[in-house]
2 protein chains.
Amino acid sequence: MDLDKTDRKILRELLINARISITELGRKVGLSKTPVALRIKQMEEAGLITGYRAILSPIQLGLSHVTFMQIRLGDTRQQALLQFNAAVREIEEVEECYMIAGGFDYLLKVRSRDMADFRRVMAEQISALPHVSATSSFVAMEAVVEEGAIPL
Amino acid sequence: MDLDKTDRKILRELLINARISITELGRKVGLSKTPVALRIKQMEEAGLITGYRAILSPIQLGLSHVTFMQIRLGDTRQQALLQFNAAVREIEEVEECYMIAGGFDYLLKVRSRDMADFRRVMAEQISALPHVSATSSFVAMEAVVEEGAIPL
DNA sequence: CCTGAAAAATTATTCGC
DNA sequence: GCGAATAATTTTTCAGG
């Protein structure tokens, strides 16, 4: 699906405020309600807009502790990777997980209440993942950019 | 602010669909509209809910290439860190940036169209950041978990 | 702290142009 | 893509448990 300038404007507004009304959105992008509603529906149906989510404050939730973990697997055959992927998706503290080309196999971003909570997650959840042979952890001291803008 | 079970239920629903109506939300959590609307407003005012955003598909946007970069600074005095932080926030391709305790100074997640686009971002933007002394990049081969659930 | 309900305002949807 | 009419929702308010 290709996007014109108006589509991009609409997306930018929906990234700022997903609950904006069609009326106000139309006003902001310089169109009437009808085409705005149509464009949004088309972008939803094209799978470009996959949903709308509330954004919560990690600090207010007491979940400001972020740790990145490098994980190396002892077995990197397809079957082992699939088992690892499936298992890691079950850990709710794992906010992100990428398979990496290079020196290690996976990079995980783990969110927890504090260091003690992270140690619990690591001991109870991460260590139990299949085929893990080594891990190293890097604790975030400061979040400089948490949710960067999307380059539209 | 402390959350009871109902608040958590509301948050879970708003994480799934931020555009759900108060009526339906009330039905899902087993309350009438009035207290649901009140609780949402309170959570917004407490800064717990910071906003509502559309979720876009990186693949449909042609932005599925993810690279993590370790960055070491030559100068790690407070002034230099502040300059780096301010500059990195201006790069829209930087989706996340954390200051790290340990072997390197910053970890960046960079989103781009493809490898060629990443090289452009690195050459034009990342290299221009102040006080950078060394970088190493790790290309993601597969996104196993992109937006994990929040442990409420 | 919740329910239920009514009125007023706003929004979404539909359709002819 | 516009603009108007129709239909659906939301917000606000209030009496009562």
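Hydrogens, waters and symmetry mates play no part in the numbers below; they use all other heavy atoms, side chains included. Nothing here was measured: the structure is a model prediction, and the numbers come from that model.
For the side chain to side chain contact (heavy atoms under 4.5 Å, CB included) test with A:I49, the passing option among A:L15, A:L14, A:I10 is A:L14; the others fail.
With a 4.5 Å cut-off on side-chain heavy atoms, B:L61 and A:L152 count as touching. Side-chain contact between B:V145 and A:E95 is absent, with no heavy-atom pair separated by less than 4.5 Å. Using a 4.5 Å heavy-atom cutoff, the side chains of B:T67 and B:M122 are not in contact. Annotation: side chain of A:L73 is in contact with side chain of A:V132 (closest heavy-atom distance under 4.5 Å).
The side chain to side chain donor-acceptor pair (under 3.5 Å) test applied to A:R89 returns no partner, not counting sequence neighbours. The ring-ring contact (aromatic ring centres under 6.0 Å, His included) test applied to A:Y98 returns B:F68, not counting sequence neighbours.
Proximity of the aromatic rings of A:Y106 and A:F84 is defined here by a centroid distance below 6.0 angstrom, and this criterion is met.
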Please list, pair by pair, any protein nitrogen or oxygen found under 3.5 Å from a nitrogen or oxygen in nucleotides 3-7 of chain D.
residue: D:dG3; atom: O6; partner: A:T34; partner atom: OG1; Å: 2.6

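Residues from residues 6-16 of chain A that place a heavy atom under 4.0 Å from any atom of DNA chain C: there are none. Across residues 21-31 of chain B, B:S21, B:I22, B:T23 each have a non-hydrogen atom less than 4.0 Å from an atom of DNA chain D (numbered order). The stretch residues 40-54 of chain B touches DNA chain D through B:K41, each having a heavy atom within less than 4.0 Å of the strand.
The distance between atom CD1 of B:I20 and atom P of D:dT9, rounded to the nearest whole Å, is 12 Å.
More than 12 heavy-atom neighbours from other residues, nucleotides or ligands sit within 6.0 angstrom of CE on B:M1. Heavy atoms from other residues, nucleotides or ligands lying under 6.0 Å from CD1 of A:I59 number 12 at most. Around CZ of A:R19, the count of heavy atoms belonging to other residues, nucleotides or ligands within 6.0 Å exceeds 12.
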CA sep, side-chain torsions, deciding dist, call: B:R39, B:D4, salt bridge (Lys or Arg N to Asp or Glu O under 4.0 Å):
CA-CA 10 Å; B:R39 282 163 184 265; B:D4 63 14; 3.0 Å; yes
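At a threshold of 4.0 Å, the pair B:R111-B:E93 does not count as salt-bridged, since none of the basic side-chain nitrogens sits closer than that to a carboxylate oxygen.
Toward the 5' end of DNA chain C, the nearer of the two residues B:R19 and B:R39, judged by each one's closest nucleotide, is B:R39.
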